[in-house]
Number of protein chains: 2
Amino acid sequence: MKKTLIANGTFITMNNAQAVARGYMAVEGTRISYIGEQMPGLKEDYDEVVDGSGKMYLPGLVNTHGHAAMSLLRGYADDLALKVWLEDKMWPIEAKFTERDVRWGSLLSMLEMLKGGTTCFVDMYDKMDEVARAVEESGMRACLTRGMIGFPVEMQAAKLKEAVDFAQNWHGQAEGRITAMMSPHSAYTCPPEFIERVVQAAHDLQLPIHTHMSETLREVKENEQQYGLRPVAHLEKLGVFSRPCLVAHAVHLTDDEIETLQRHDVRVSHNPGSNLKLASGIARVPDLLNYGITVSLGTDSAASNNNLDMFEEIRLAALLHKGVSGDPTAVPAVEALRMGTINGARSILLDDVGILQAGMKADFIGLSLDKPHFQPQTDLLSHLVYSASAQDVEDVWVDGRQVVRGGECLTLDEEKILYEAGKCFERLTS
Amino acid sequence: MKKTLIANGTFITMNNAQAVARGYMAVEGTRISYIGEQMPGLKEDYDEVVDGSGKMYLPGLVNTHGHAAMSLLRGYADDLALKVWLEDKMWPIEAKFTERDVRWGSLLSMLEMLKGGTTCFVDMYDKMDEVARAVEESGMRACLTRGMIGFPVEMQAAKLKEAVDFAQNWHGQAEGRITAMMSPHSAYTCPPEFIERVVQAAHDLQLPIHTHMSETLREVKENEQQYGLRPVAHLEKLGVFSRPCLVAHAVHLTDDEIETLQRHDVRVSHNPGSNLKLASGIARVPDLLNYGITVSLGTDSAASNNNLDMFEEIRLAALLHKGVSGDPTAVPAVEALRMGTINGARSILLDDVGILQAGMKADFIGLSLDKPHFQPQTDLLSHLVYSASAQDVEDVWVDGRQVVRGGECLTLDEEKILYEAGKCFERLTS
């Protein structure tokens, strides 16, 4: 079992007992074995000793909502309303996506995420075998789910079978780095009976559920018109919350709906960048946090963001709700960083990810402190939240294995991915 | 006169006649002499030929509101209301600032700005000779102004003399890269008679005026209580708008006030990051733009941002107003980039900055396209606005002189600045 020591580093642990630790962190195999001031053992005990001086380390970022393959559509359609963007621009071109497109689009996203400090991501898409294989290659951690749109009705059975097969084949694979969920795409794209069948499958497989919910006002109103219920009550009635559940967006919520989410311990993936760009609105994050709901962060796809920089989402979460509420203490820096790390892990039921602490999985990232925007070295956690970007990340480890070193990805062929992604886009739009 | 050629580049010109140009840009001395598809002359005609393949170039970013020396206070006081932050945290420690602190704090900001693609900035502070000398050294372009707080009253005359002396000594210096303005700090920190004296001085010196205005609701209410007028009418009455005027923030405005600003051609520096962080509110930018007001972007100081990344302000401007208004076409990408470039230049009366075009000043920046978050290469302007960050900037030219090459600042000693800034902060807080 490989033993690595990070020596003389500064560690932003996300562990409430010891928020900032200076000194040493040891990794044995896939897990952190020690973190503290004293050097654990002798240098000779380690296969590798990394000089951590002048660096700050934190848990890898967890991106809890996205569609990786859609990075092929970055910049393809900007500044449009969600319905137009989705129905007139995204869905027609996505219908042309082949396995090849999903592979290279997903790898493009994984490359961007890994280099930017995201070690774990949620992906809801189609042709998920390609995504899972790419996750294996990249060395990332991921929670994957075949997103199912319930139309046309005659395709429902085949899609559900595909989702079940995918979950059975891949849950726990890639040395445990891959887990699975079951995903009706949303209440507005799935008839109620179909959602109920997906819920039943999730029960059978003992898997969590992931879905889009209450992203736009229009969606909420149409749900009321069609089913006589707002989305939260509708999904509750269909049993969606009877499984551990992660909902993406949750922008338009009443107090009653927030209480319902709390009662069922539903997790919320807040996607501030995408919600702003598509003009969907601004989620009630301070209220969700006050209710004790687990709120994490997602980029959504690069087609509506348009990057996968989780530091940007963390900063948006910290800034946006202050400005909107008029309360400068809303979503303090530490809370925003928690949303991007430990809360993300908890949202997808990973109990051993998201904190730098002995016994936890060794998913962590390193940034150099030697930059003008990190000076003076007053409050490093504040600098991470309010001043850092994906481009600051230099080193990344997932499951105890270094996957990015000095800004270079060790697991993926960057040049080839950029080339192939470009070719895919050319073919899709030719 | 040095002649430089950028060959085989992609140029985001901000020139409406030709938004994207591919090919060549020539620089002679301090100005652009050619931009177009054909190579102008022979390689032998140039002192330097830069390989621009795989790069995109755009005008240098213009940061129209800030307090550079305050980068020493980055992370020193977060998540507080403006009044508390200013009166309890900032002002007491700023009172201790020596010339030395202003020098190293300002250089820290200039280093961050230059490396991040900002070629020109507005600075309102104290001990401005230090700032001007640092601008000379850095090679940046800057519009500098001694910010005057009108209390204690017995200091007014000395401060005004200092501001006038500074403007007379420095306006047009550093090969014309430095210009000056006159700055009453704000209506809430300057008695009306003092503002009138500053206005008179601005008339005498033929200089523009820069001031903080309507940043918080509290400020607006107190202005009404104290003077019976909202800040816009108050400043109008005092003659502030009788000079070309740039106001920072302008968050809380009525329709009538927007009309007044339009009538006087008052420019607005929108500071979305700082306004969100201090929970000051969200400026009515789409309305300001509809009225034809020149809106530019500012970071404000790193103490309330907490970085000086103008790409982040550009992106915030493009995202925030969509989400708040519910209109996904609000502040389209090109408009946001205009705010960060040409509008910035116009705000400080620079007619020959902010566009890549023959005859304009050669202030421009280069970014490598070879990054995952710039793929596929669909819409480069969209990528710049929605996906880029300061850390993507590789090369920077100001006034025809290269000041950053491959991410390294050529004019400033980075290591020394980080060290000295750290020492200053230690002394200030010891």
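Heavy atoms only: backbone and side chains are in, while hydrogens, waters and symmetry mates are out. The sequence lines fix the lettering, A, B, ..., with proteins before strands; numbering per chain opens at 1.
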Answer with side chain, backbone, both or neither: which region of [X] has an atom nearer than 4.5 Å to a non-hydrogen atom of chain B?
{"X": "A:Leu319", "result": "both"}
{"X": "A:Glu426", "result": "neither"}
{"X": "A:Leu316", "result": "side chain"}
{"X": "A:His373", "result": "both"}
{"X": "A:Ala302", "result": "neither"}
{"X": "A:Gln377", "result": "neither"}
{"X": "A:Thr329", "result": "both"}

Work out which heavy atom in [X] is nearest to a heavy atom in [Y]; give both atom names and the distance.
{"X": "A:Ser389", "Y": "B:Ser389", "answer": "OG-OG, 3.6 Å"}
{"X": "A:Gly326", "Y": "B:Ala279", "answer": "C-CB, 3.5 Å"}
{"X": "A:Thr378", "Y": "B:Phe425", "answer": "CG2-CZ, 2.7 Å"}

Residue selection (most heavy-atom pairs with chain B, distance under 4.5 Å) from [options]:
{"options": "A:Leu72, A:Asn275, A:Thr216", "value": "A:Leu72"}
{"options": "A:Pro272, A:Ala421, A:Pro376", "value": "A:Pro376"}
{"options": "A:Pro372, A:Gly323, A:Ser109", "value": "A:Pro372"}

Looking at chain A, which one of [options] has the largest number of heavy-atom pairs inside 4.5 Å, strictly under?
{"options": "B:Glu414, B:Lys371, B:Gln375", "result": "B:Gln375"}
{"options": "B:Asp392, B:Leu418, B:Leu308, B:Val84", "result": "B:Leu418"}
{"options": "B:His321, B:Lys423, B:Gln391, B:Glu415", "result": "B:Gln391"}
{"options": "B:Asp309, B:Asn307, B:Val251", "result": "B:Asn307"}

Carefully, step by step, assess B:Ser382 and A:Asp78 under the rule side chain to side chain donor-acceptor pair (under 3.5 Å).
-> CA-CA 8 Å; B:Ser382 159; A:Asp78 292 316; 2.6 Å; yes
With side chains defined as the heavy atoms from C-beta onward, is the minimum distance between B:Pro328 and A:Leu80 less than 4.5 Å?
->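 No. Closest side-chain heavy atoms not under 4.5 Å.
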Presence of salt bridge, B:Arg315 and A:Glu312, under 4.0 angstrom |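 Result for this pair is yes, salt bridge flagged.
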Under-4.0 Å salt bridge between A:Asp379 and B:Arg74 =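 Judged by the 4.0 Å cut-off on N to carboxylate O distance, A:Asp379 and B:Arg74 do not form a salt bridge.
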Any donor-acceptor N/O pair, B:Asp79 side chain to A:Ala333 backbone, under 3.5 Å = yes
Are more than 12 heavy atoms from other residues, nucleotides or ligands located less than 6.0 Å from atom CZ of A:Arg427?
->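 Correct, the count exceeds 12.
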Which atoms of B:Leu108 approach chain A - backbone, side chain, both or neither, heavy atom under 4.5 Å =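 Both parts, heavy atoms under 4.5 Å.
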